[in-house]
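What follows is one structure encoded as structure tokens, with my remarks underneath.
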Amino acid sequence: MSAPGMPAAGALAPDAVAAAESGLLEVRGLVKRFGGVTAVNALDMTVRAGDVHALIGPNGSGKTTTLNVISGLYRADGGSIRFDGGEIAGRAAHTIAAGGIARTFQNIRLFGELSVLDNVMIGRHVRTRVGFVSALFPGGATAREESETRERALELLRFVGLESAAGAVARSLPYGDQRRVEIARALAGEPRLLLLDEPAAGMNPTETDTLVALLRSIRERGTTLLLIEHDMNLVMSVSDTITVLNFGQHIAEGPPGAIARNPDVITAYLGGTLDAA
């Protein structure tokens, strides 16, 4: 069974196909400053529909800031961010999420005392229709929507391999499983673009292998991925395109093989050879 909101494996949604040539996400001249520090400086980046696109660079190079601006947590100080042809720079985070962009965070942000299932159901709120008043006085429509939300959440837990943990308290899960719950929660909003901030951070090799398989499955089902990651083996194995930042500036972009051989990347980011990272 394919995950809710995703086309069958290997397929792209029709609108995603239409956006593929120009890019599902187009970042042009993006600038973000904090006081006198320019964290992101005139960044250009194109994320094509259906790709896994990695954003890499040393600590402090502006990667997470870029994701925060794209997702609406920070307001850009300059430049353009176009998603599916429409400008999203300056929009509120909840509006961007409802428009088809979801994300995870560098630090796990689950509701630790709630069940795994409840955490994933919460991620569905951007697609629910019942309003606040209706929720206070539940009726048939509210009950139906609650049932549909629960079923979709269970399907997503099956998709990430955690259906058996649906009733568990979220904080009781191993670290790698909590990461997968976060991804399931993000997918519950049926995004076309999923932003992942260091999804493999803190994982052991077995957990990382499971994550790699999951990322490939998400991509195969038509969801575009933009990820920040320091595990270069993971980046090289799943990415179609890699953008490299250094001190907030774009220094390289291309397929993994080209990035591995790029002298500017080796010097500025790795200080040696890519294989040693």
Side-chain angles (χ1 to χ4, degrees), residues 1-13 15-16 24-25 47 49-54 67 70-72 83-84 93-106 108-111 114-129 145-166 168 170 173 175-201 203 207 210-229 234 238:
M1 179 183 296
S2 64
M6 296 182 181
L12 285 178
D15 50 358
L24 179 64
L25 180 74
V47 179
D51 274 6
V52 177
H53 193 119
L67 258 59
I70 292 170
S71 60
F83 176 66
D84 195 23
H94 70 273
T95 302
I96 291 172
I101 298 178
R103 68 167 298 173
T104 65
F105 292 86
Q106 190 172 357
I108 291 176
R109 296 191 181 184
L110 295 176
F111 296 95
L114 297 181
S115 72
V116 168
L117 179 61
D118 285 341
N119 269 275
V120 179
M121 289 177 67
I122 287 169
R124 182 72 183 162
H125 73 92
V126 297
R127 295 286 172 253
T128 55
R129 300 176 298 279
E145 186 164 81
E146 178 79 6
S147 177
E148 291 170 1
T149 298
R150 181 175 297 273
E151 180 55 35
R152 284 181 175 268
L154 286 169
E155 288 177 2
L156 278 168
L157 287 174
R158 282 195 289 273
F159 176 69
V160 302
L162 290 172
E163 183 183 16
S164 62
L173 267 59
Y175 187 86
D177 289 352
Q178 290 188 41
R179 284 285 186 189
R180 285 189 284 156
V181 174
E182 272 202 316
I183 292 173
R185 183 175 64 184
L187 291 173
E190 299 183 8
R192 292 180 55 205
L193 174 63
L194 178 59
L195 312 178
L196 301 169
D197 194 349
E198 296 193 33
M203 288 188 174
E207 291 171 332
T210 299
L211 175 66
V212 167
L214 176 58
L215 296 181
R216 288 172 174 161
S217 294
I218 293 170
R219 181 264 184 94
E220 287 170 0
R221 285 160 172 79
T223 300
T224 304
L225 301 176
L226 173 59
L227 68 94
I228 294 171
E229 186 51 64
L234 184 153
V238 303

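We're numbering straight along the sequence, starting at 1. This structure is a prediction, so every number in the text was calculated from the model and none was measured. The analysis underlying the following values was restricted to heavy atoms, covering all of them including side chains, and did not include hydrogens, waters or symmetry mates.
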How far apart are the closest heavy atoms of [X] and [Y], and which atoms are they?
{"X": "I218", "Y": "L194", "answer": "CD1-CD2, 4.4 Å"}
{"X": "A153", "Y": "L117", "answer": "CB-CD1, 3.6 Å"}
{"X": "A166", "Y": "L157", "answer": "CB-CD1, 3.8 Å"}
{"X": "G100", "Y": "F83", "answer": "O-CZ, 3.7 Å"}
{"X": "L215", "Y": "L234", "answer": "CD1-CD2, 4.2 Å"}
{"X": "A186", "Y": "T104", "answer": "CB-CG2, 4.2 Å"}

Atom pair [atom1] ([X]) and [atom2] ([Y]), whose distance is rounded to the nearest 0.5 Å:
{"X": "F105", "Y": "I228", "atom1": "CZ", "atom2": "CD1", "result": "11.0 Å"}
{"X": "N119", "Y": "L110", "atom1": "CG", "atom2": "CG", "result": "5.0 Å"}
{"X": "T223", "Y": "D51", "atom1": "OG1", "atom2": "CG", "result": "13.0 Å"}
{"X": "Q106", "Y": "L196", "atom1": "CD", "atom2": "CG", "result": "12.5 Å"}
{"X": "L162", "Y": "L154", "atom1": "CG", "atom2": "CG", "result": "12.0 Å"}
{"X": "L187", "Y": "L214", "atom1": "CG", "atom2": "CG", "result": "7.5 Å"}

Derivation and outcome, side chain to side chain contact (heavy atoms under 4.5 Å, CB included), residues L24 and V47:
CA-CA 6 Å; L24 179 64; V47 179; 5.7 Å; no
Under the criterion side chain to side chain contact (heavy atoms under 4.5 Å, CB included), I'd like the reasoning laid out for R180 against T210: C-alpha separation, chi angles, the key distance, then a yes or no.
CA-CA 9 Å; R180 285 189 284 156; T210 299; 4.0 Å; yes
Checking S115 now: which residues fulfil side chain to side chain donor-acceptor pair (under 3.5 Å) with it, not counting sequence neighbours?
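In terms of side chain to side chain donor-acceptor pair (under 3.5 Å), with neighbours along the sequence ignored, S115 is linked to D118.
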Partner set under side chain to side chain donor-acceptor pair (under 3.5 Å) for S71, not counting sequence neighbours
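Partners of S71 by the side chain to side chain donor-acceptor pair (under 3.5 Å) criterion, ordered by chain and then number, come out as R103.
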Derivation and outcome, side chain to side chain contact (heavy atoms under 4.5 Å, CB included), residues L226 and I70:
CA-CA 11 Å; L226 173 59; I70 292 170; 4.0 Å; yes
Under 3.5 Å, side chain of R192 to main-chain N/O of I101, donor-acceptor pair present?
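Between the backbone of I101 and the side chain of R192 there is no qualifying donor-acceptor contact (under 3.5 Å).
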Check: L173 main-chain N/O paired with Q178 side-chain donor or acceptor under 3.5 Å
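Such a contact is found between Q178 side chain and L173 backbone.
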If the condition is side-chain contact (heavy atoms from CB on, under 4.5 Å), which residues does E207 pass it with, not counting sequence neighbours?
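E207 satisfies side-chain contact (heavy atoms from CB on, under 4.5 Å) with P174, M203, N204 only.
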Hey, are R158 and E151 close enough for a salt bridge, meaning a charged N less than 4.0 Å from a carboxylate O?
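Yes, this pair counts.
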Is E182 salt-bridged to R179, going by a charged N under 4.0 Å from an acidic O?
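Yes, charged N to carboxylate O under 4.0 Å.
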Side chain proximity check, [X] to [Y], heavy atoms < 4.5 angstrom:
{"X": "R216", "Y": "V238", "result": "yes"}
{"X": "E190", "Y": "R124", "result": "yes"}
{"X": "D84", "Y": "L193", "result": "no"}

Test E155 against E163 for side chain to side chain contact (heavy atoms under 4.5 Å, CB included), laying out the working first.
CA-CA 8 Å; E155 288 177 2; E163 183 183 16; over 6 Å; no
